[in-house]
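Structure first, then comments.
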Amino acid sequence: MGRMSDQPARWTQANVYPDMWADPDDDPRNSEGVSPDGELATLQDFLTNYRMTLRMKCEGLDAEQLARRSVPPSTMSLLGLLRHLAEVERDWRNWISDGEPLPKLYGERDADFHEAVGEQAQVDAAYADLAREQAATDAALAEHPDLGERLGKDGFAVRELLVHRIEEYARHCGQADLLRECIDGRVGQ
């Protein structure tokens, strides 16, 4: 008789790629041909791939699974990460603006995580918020193609902001790997 466990079985797509999220031939993050030319295009490519990775980690889960918290006392969940990154994208625009800061999307500090609940309307709103805030930040930065240009009250270089965005998504993709594995055993790539 097999040992019973409350841990999900490890997900595998096929015996050929047992530890990979997607078959390398079907991975939308893989592009054929040469890498992007130039520093700006390279940074944008990395950011695009990390954004896509986060969405992949959330695909196929229902609202309850997306809102499932990691380990107490943490309030971290995949839904919380989606909401957090929408909030962060908005905040980055505050960094490059000389005007009044944009209001927080979800209210008080850490409400992006604390108030993430397993309701489909909230999931839909989180995806919409994230797409809207990413597009707005991308559009704001597109007006400043010089990576050395300094913006906002504190003089952040465009390069610094792009690298920080990549770092933020990369860190949260690592957390998403662990959250997803706890939900259904599917492991990161």
Side-chain angles (χ1 to χ4, degrees), residues 8 11 21-22 27-29 43-97 99-144 151-152 156 161-189:
W11 181 92
W21 186 264
D27 191 335
R29 298 166 298 179
L43 292 171
Q44 290 170 331
D45 187 55
F46 270 86
L47 179 60
T48 296
N49 285 331
Y50 277 119
R51 285 175 169 174
M52 194 179 312
T53 298
L54 181 69
R55 289 187 70 94
M56 289 171 68
K57 302 301 174 182
C58 296
E59 285 176 355
L61 299 176
D62 63 28
E64 182 279 322
Q65 290 170 313
L66 286 168
R68 193 174 297 166
R69 305 260 169 107
S70 60
V71 290
S74 176
T75 58
M76 187 175 295
S77 66
L78 289 168
L79 178 57
L81 287 175
L82 294 170
R83 290 166 48 98
H84 172 71
L85 286 163
E87 192 77 77
V88 170
E89 287 280 356
R90 175 173 277 223
D91 195 44
W92 283 325
R93 289 198 313 285
N94 289 331
W95 292 12
I96 63 175
S97 171
E100 288 298 312
L102 296 166
K104 291 203 162 290
L105 285 173
Y106 305 112
E108 67 185 53
R109 180 181 169 90
D110 294 330
D112 40 1
F113 288 106
H114 292 298
E115 297 175 8
V117 295
E119 297 171 359
Q120 192 57 48
Q122 191 177 94
V123 170
D124 295 342
Y127 278 115
D129 291 345
L130 182 58
R132 182 189 64 246
E133 297 303 322
Q134 286 172 337
T137 305
D138 290 348
L141 285 173
E143 297 175 16
H144 306 281
L151 305 172
F156 287 102
L161 183 56
L162 284 168
V163 169
H164 185 70
R165 290 171 85 195
I166 292 165
E167 179 271 334
E168 184 84 12
Y169 278 90
R171 181 165 38 94
H172 291 313
C173 282
Q175 294 163 333
D177 283 343
L178 297 174
L179 288 164
R180 181 63 187 250
E181 187 172 6
C182 285
I183 293 167
D184 66 359
R186 203 162 181 189
V187 295
Q189 163 183 341

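Values below: all heavy atoms of this structure, side chains included; hydrogens, waters and symmetry mates excluded.
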**Request:** Check whether any side-chain heavy atom of Leu81 sits under 4.5 Å from a side-chain heavy atom of Leu179, and report yes or no.
**Result:** yes
**Fill in**
The single option from Tyr169, Trp95, Phe156 that satisfies ring pair (Phe, Tyr, Trp, His ring centres under 6.0 Å) with His164 is Trp95
**Prompt:** For Arg69 and Ser77, does a side-chain donor sit closer than 3.5 Å to a side-chain acceptor?
**Reply:** no
**Shortest non-hydrogen contact between Tyr106 and Glu87, atoms and distance** = N-OE1, 3.1 Å
**Prompt:** Under 4.0 Å between a Lys/Arg side-chain N and an Asp/Glu carboxylate O for Asp184 and Arg68?
**Reply:** no
**Item:** Side-chain donor-acceptor contact under 3.5 Å, Gln175 with His172
**Value:** yes
**Item:** Worked verdict on Asp177 versus Lys57 for salt bridge (Lys or Arg N to Asp or Glu O under 4.0 Å)
**Value:** CA-CA 7 Å; Asp177 283 343; Lys57 302 301 174 182; 2.8 Å; yes
**Request:** For Ile183 and Leu78, run side chain to side chain contact (heavy atoms under 4.5 Å, CB included): C-alpha distance rounded to whole Å, both residues' side-chain angles, the deciding distance at 0.1 Å, then the answer.
**Result:** CA-CA 10 Å; Ile183 293 167; Leu78 289 168; 3.8 Å; yes
**Residue Phe46 excluded, over 12 heavy atoms near CZ under 6.0 Å** = no
**Request:** Side-chain contact test, heavy atoms from C-beta onward, threshold under 4.5 Å: evaluate it for Arg83 versus Gln122 and give yes or no.
**Result:** yes
**Asked** Would you say the side chain of Leu54 lies within less than 4.5 Å of the side chain of Leu82, judging by non-hydrogen atoms?
**Response** yes
**Stepwise side chain to side chain contact (heavy atoms under 4.5 Å, CB included) test for Leu141 and Ile96** = CA-CA 9 Å; Leu141 285 173; Ile96 63 175; 4.0 Å; yes
**Complete:** What one should report as the nearest heavy-atom pair of Gly80 and Phe113 is C-CE2, 3.4 Å
**Request:** Provide the closest heavy-atom pair for Leu85 versus Leu130 in the form atom of the first, atom of the second, distance.
**Result:** C-CD1, 3.7 Å
**Prompt:** How long is the gap from CZ on Arg93 to CD on Glu133, to the nearest 0.5 Å?
**Reply:** 4.5 Å
**Whether Arg180 side chain and Glu59 backbone form a donor-acceptor pair below 3.5 Å** = yes
**Fill in**
Heavy-atom closest pair (Glu89 atom, Arg51 atom, distance to 0.1 Å) is OE2-NH2, 3.0 Å
**Asked** Side chains of Leu47 and Gln134: closer than 4.5 Å at any heavy-atom pair?
**Response** no
**Prompt:** So which heavy atom on Ala116 is nearest to which on Ala67, and how close?
**Reply:** O-CB, 4.2 Å
**Request:** Would you kindly say whether Glu167 and Tyr50 are connected by a side-chain donor-acceptor distance under 3.5 Å?
**Result:** no
**Message:** Between Ser70 and Leu178, is the side chain to side chain contact (heavy atoms under 4.5 Å, CB included) condition met? List the steps.
**Reply:** CA-CA 9 Å; Ser70 60; Leu178 297 174; over 6 Å; no
